[in-house]
4 protein chains.
Amino acid sequence: MRRDVALHCDILRNMPQHSIPKDEHGARRPRHEGRILDAVIDGLVEDGYQQLTVEGVAVRAGVHKATLYRWWTGKPALVAEALAQRMDTGPVPDTGTTRGDLIAWLRVTVANYTGTQAGVAMPALIGDLAVTSHGLQAFREAFLTERRAGCAQLVRRGMARGDLPVDTDVDLFLDALAGAVFYRQLVSGVPITADLPERIADLLLGSA
Amino acid sequence: MRRDVALHCDILRNMPQHSIPKDEHGARRPRHEGRILDAVIDGLVEDGYQQLTVEGVAVRAGVHKATLYRWWTGKPALVAEALAQRMDTGPVPDTGTTRGDLIAWLRVTVANYTGTQAGVAMPALIGDLAVTSHGLQAFREAFLTERRAGCAQLVRRGMARGDLPVDTDVDLFLDALAGAVFYRQLVSGVPITADLPERIADLLLGSA
Amino acid sequence: MRRDVALHCDILRNMPQHSIPKDEHGARRPRHEGRILDAVIDGLVEDGYQQLTVEGVAVRAGVHKATLYRWWTGKPALVAEALAQRMDTGPVPDTGTTRGDLIAWLRVTVANYTGTQAGVAMPALIGDLAVTSHGLQAFREAFLTERRAGCAQLVRRGMARGDLPVDTDVDLFLDALAGAVFYRQLVSGVPITADLPERIADLLLGSA
Amino acid sequence: MRRDVALHCDILRNMPQHSIPKDEHGARRPRHEGRILDAVIDGLVEDGYQQLTVEGVAVRAGVHKATLYRWWTGKPALVAEALAQRMDTGPVPDTGTTRGDLIAWLRVTVANYTGTQAGVAMPALIGDLAVTSHGLQAFREAFLTERRAGCAQLVRRGMARGDLPVDTDVDLFLDALAGAVFYRQLVSGVPITADLPERIADLLLGSA
DNA sequence: CCGTAAACGAGACGGTACGTCCAGTCTTATT
DNA sequence: AATAAGACTGGACGTACCGTCTCGTTTACGG
């Protein structure tokens, strides 16, 4: 009943008062889920993941702490769900060229990791989720799988076009693509400039 | 006096009893520094970064909690120093070929992130360090700069040899190199196999 | 509607299914009153008064918590009613001698306070009831008045017989009689032996 | 270290600032013990035992909740210690006559149970203490033993004087003595008048 | 060899948040 | 109607760890 990191892309929210909210499968949902997830996002933006507390979210959302624990197992689950719902995924880009597709895709990635609080929250969140073995895996499925599949599609299109070697290791390509952004933002700290997407695309297309 | 993330590659340790440990500049050092950093590492290995507590380290090291706070500002500083001392850096590889050098360097990187507890602790540690603006920067300088410089040297050698384009963005190349490993280990969760170093090298050398 | 500590010596219980239970005055009664009060008693016996919870009673009785709150004001009222129905009162003893009567009466008292869970539950129950001014009074009327009247009758018979002074303070006599048992059981903790009734009777009859 | 109901008649309190308070045996004591026990008593008087909360005591005493839990196991232990220190024991009365002694002793008893909040708190306290098997026993030893011994001395003196039968069951006598007051105050609810001590004395001396 | 300064051990303490429990109320649906 | 189902507010629980503090003791160096 209680979702650990059971993430839903729930669009049915802000229902008329006094009607029990349900998701698309008819399952019960927290009464004030919208307010709660908004509160999580707001807290992330203002204070960052570390400073975010369950009690703080409860206060901000005007909800009792116990209500949060009824529906989520704790801070990681709350944040994971909030991020999953708010993180921009967008459509798979189709610009006509492989380079253009990769650049478009990377732009969204860069925006997600830098523009929102998601990037800053991510390492700590992952650290928290990794405490339990299943936590991180569930998060990956809810959060990454879809987005990763979109990019894989894009890479295969490039292979078909002959822009990429036919034996390209797709998974590795994706890891290098996203990893370059992720690592720069979190670890190396090299400033992220507007032309980063193009530079990464060029590096990986071997046409730099 | 108190080092926040003032990391030293201290080789003077395990001194004869009853002599005050000093570093190479004659500065005083914590009496039981060796035991303490060992305790940190042990704690990391057994419980992970999240579960590690300053009190726990104190108990494990047979030292009073206040002693730790006298010398370090808290958990992140303790862990950062412990990792910096234990993380294997090694010499800059020189195998004769650029591909060989990259593979050798990546092997050490993979070993660091997977073999030790460092990789697992890293995201949470970074998350903690990122709370204070200077924390993360200090950690980078102590931890990354040297290692990164070694790899940069290796990349420039490749450019000189003509194995890499002359206008290669070195910083970006390093980010993609390490990022692919880091991202795979922490985010995507794709299993890390023995041939990963070769595959990454091939991908980035455009010869895949 | 809702009885606070409105205790009834209800003998209409375990009715045929699907007939609305009513008391002797035709008033409506909770549908599953029997199961509920049994659950209270069971809970008292197994866990004691402190550990008894309204939710626990609801679960045990297979009834919804709200149902309990519809008919009773809370735990004290529930327990008070359950005890009132189960506490053995018995007839006023008439053995022919005052000493015999007192002993017989004390035997029942001792049995009530030691054999059942009533004695153990009593102080905490009284503590809870005493929170509201009327709570304790209502409990006294339902629980004590009848039993006390029976004993008073017995004492007056003794005065008539000349076994007790004609100016005996009956209320005080009753308090000392029951108080000796109550105090020993709850406060002093001196073990209660089989001959306690005789000893108390002798003490108060002045023939010890 | 932590006293469950380890009660001390500690007179060493309100020490000069920054000196660690110790009891007569040199054992450590809570820094603000005086303020804390005062807060307990005040809370009892104003709200009664049931409404008293550990958090409330902490606030009232200007002390952190964790401090209370460091030194006491919970509410029962706190209240027990506070009552033990504040409950008037007084010297064993010696009026020259057994009747006078009993009356004097009963007056203090009545005052304790009615004048202070102790009497009102007592049943609920006992109920709480009785949850753990040792709790009640510890309380008895700290709280009752001394006072009871004083009265026993008084009863034996009466036996020596010939005012009481030589085979009087002292324990039972004490139970009846205190029980009459206790039971009236808590259970029967009969109003306690000024002449109650005399009446009880007369009843038990068989001279009523 | 002894006095001084520091590091250290011991542990109470205030503070913040945790995650849990139960009370008691409410809405909605069912019987 | 009375019940069932169960979400919800509210308040307290007892715990964990943080980082700071005082106080007394040890340690090792420098005169």
Side-chain angles (χ1 to χ4, degrees), chain A residues 1 17-21 28-33 51-59 62-75, chain B residues 1-2 17-22 28-33 51-59 62-75, chain C residues 1 18 20-21 28-32 50-58 62-75, chain D residues 1 17-21 28-33 51-59 61-75:
Chain A
M1 189 50 50
Q17 200 135 9
H18 289 151
S19 103
I20 296 175
R28 287 174 177 273
R29 313 251 46 213
R31 188 125 76 208
H32 309 295
E33 190 180 24
Q51 324 302 335
L52 189 75
T53 70
V54 176
E55 292 195 339
V57 170
V59 169
V63 147
H64 194 268
K65 187 170 53 155
T67 300
L68 300 182
Y69 282 106
R70 199 197 318 281
W71 293 98
W72 293 275
T73 53
K75 179 162 91 160
Chain B
M1 180 60 45
R2 188 198 266 190
Q17 202 131 11
H18 288 154
S19 102
I20 293 180
K22 303 215 170 105
R28 287 175 177 272
R29 312 250 46 213
R31 191 126 74 206
H32 308 296
E33 191 180 22
Q51 325 300 334
L52 189 75
T53 70
V54 176
E55 292 194 341
V57 170
V59 170
V63 147
H64 194 267
K65 184 170 59 157
T67 300
L68 300 183
Y69 281 106
R70 204 185 330 272
W71 293 97
W72 293 273
T73 52
K75 180 162 91 160
Chain C
M1 181 61 44
H18 288 151
I20 295 178
R28 287 178 177 272
R29 312 254 42 215
R31 193 124 73 204
H32 308 294
Q50 315 287 329
Q51 325 301 335
L52 189 75
T53 69
V54 176
E55 291 194 341
V57 170
V63 148
H64 194 268
K65 185 169 59 156
T67 301
L68 301 182
Y69 282 105
R70 203 188 327 276
W71 293 97
W72 293 274
T73 53
K75 180 161 92 159
Chain D
M1 189 52 47
Q17 201 134 9
H18 288 154
S19 104
I20 296 175
R28 286 173 177 274
R29 312 250 48 214
R31 189 123 77 207
H32 308 294
E33 191 180 23
Q51 325 300 336
L52 189 75
T53 71
V54 176
E55 292 195 337
V57 170
V59 169
V63 147
H64 195 268
K65 184 171 55 156
T67 300
L68 300 183
Y69 282 107
R70 197 191 325 279
W71 293 98
W72 293 274
T73 53
K75 180 162 92 161

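Sequence lines set the chain letters: A, B, ... in the order given, protein chains first and strands last, and positions in each chain run from 1. The model shown is predicted, which means the values in this text are computed figures rather than measured ones.
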Using a cut-off of strictly less than 4.0 Å, decide whether [X] has a side-chain nitrogen or oxygen near OP1 or OP2 of [N].
| X | N | answer |
| --- | --- | --- |
| A:Trp71 | F:dC8 | yes |
| D:Thr53 | F:dG11 | no |
| C:Arg70 | F:dT3 | yes |

Toward the 5' end of DNA chain F, by each residue's nearest nucleotide, D:Val54 or B:His64: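 That would be D:Val54.
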In whole Å, I'd like the distance from the [atom1] atom of [X] to the [atom2] atom of [N].
| X | N | atom1 | atom2 | value |
| --- | --- | --- | --- | --- |
| A:Leu68 | F:dG10 | CG | P | 13 Å |
| C:Gln51 | E:dC21 | CD | C1' | 12 Å |
| B:His32 | E:dA7 | NE2 | C1' | 9 Å |
| D:Arg31 | F:dT22 | CZ | C1' | 7 Å |
| B:Trp72 | F:dG19 | CH2 | P | 15 Å |

Set of residues satisfying side-chain hydrogen bond (donor to acceptor under 3.5 Å, both in side chains) with respect to D:Glu55, sequence neighbours excluded: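 With sequence neighbours excluded, D:Glu55 shows a side-chain hydrogen bond (donor to acceptor under 3.5 Å, both in side chains) to D:Lys65, given in chain and number order.
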Minimum heavy-atom distance between B:Gly74 and B:Tyr69, given as atom pair plus value: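 Reported closest heavy-atom pair: CA-CE2, 4.2 Å.
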Output the single nucleotide from [options] whose closest atom is nearest the side chain of [X].
| X | options | result |
| --- | --- | --- |
| C:Glu55 | F:dA5, E:dA23, E:dC13 | E:dA23 |
| B:Lys65 | F:dA12, E:dC13, F:dG19 | F:dG19 |
| D:Tyr69 | E:dC18, F:dC13, E:dC8 | F:dC13 |

Along DNA chain E (nearest heavy atom to each residue), the more 5'-positioned of A:Leu52 and D:Val63: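 In this pair, the answer is D:Val63.
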Value rounded to 0.5 Å, distance of NZ in C:Lys75 from CD in C:Gln50: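 If I round to the nearest 0.5 Å, the distance is 6.0 Å.
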Close side-chain approach of B:Trp72 to B:Val54, heavy-atom, < 4.5 Å: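 Not in contact.
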Sugar-phosphate only, base, or nothing, as touched by C:Lys75 at under 4.0 Å among non-hydrogen atoms: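 Contact class for C:Lys75: none.
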Sugar-phosphate only, base, or nothing, as touched by A:Thr67 at under 4.0 Å among non-hydrogen atoms: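 Base contact.
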Test side-chain contact (heavy atoms from CB on, under 4.5 Å) applied to D:Trp71 and D:Thr73, D:Leu68, D:Thr67, the passing residue: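 Passing option: D:Thr67.
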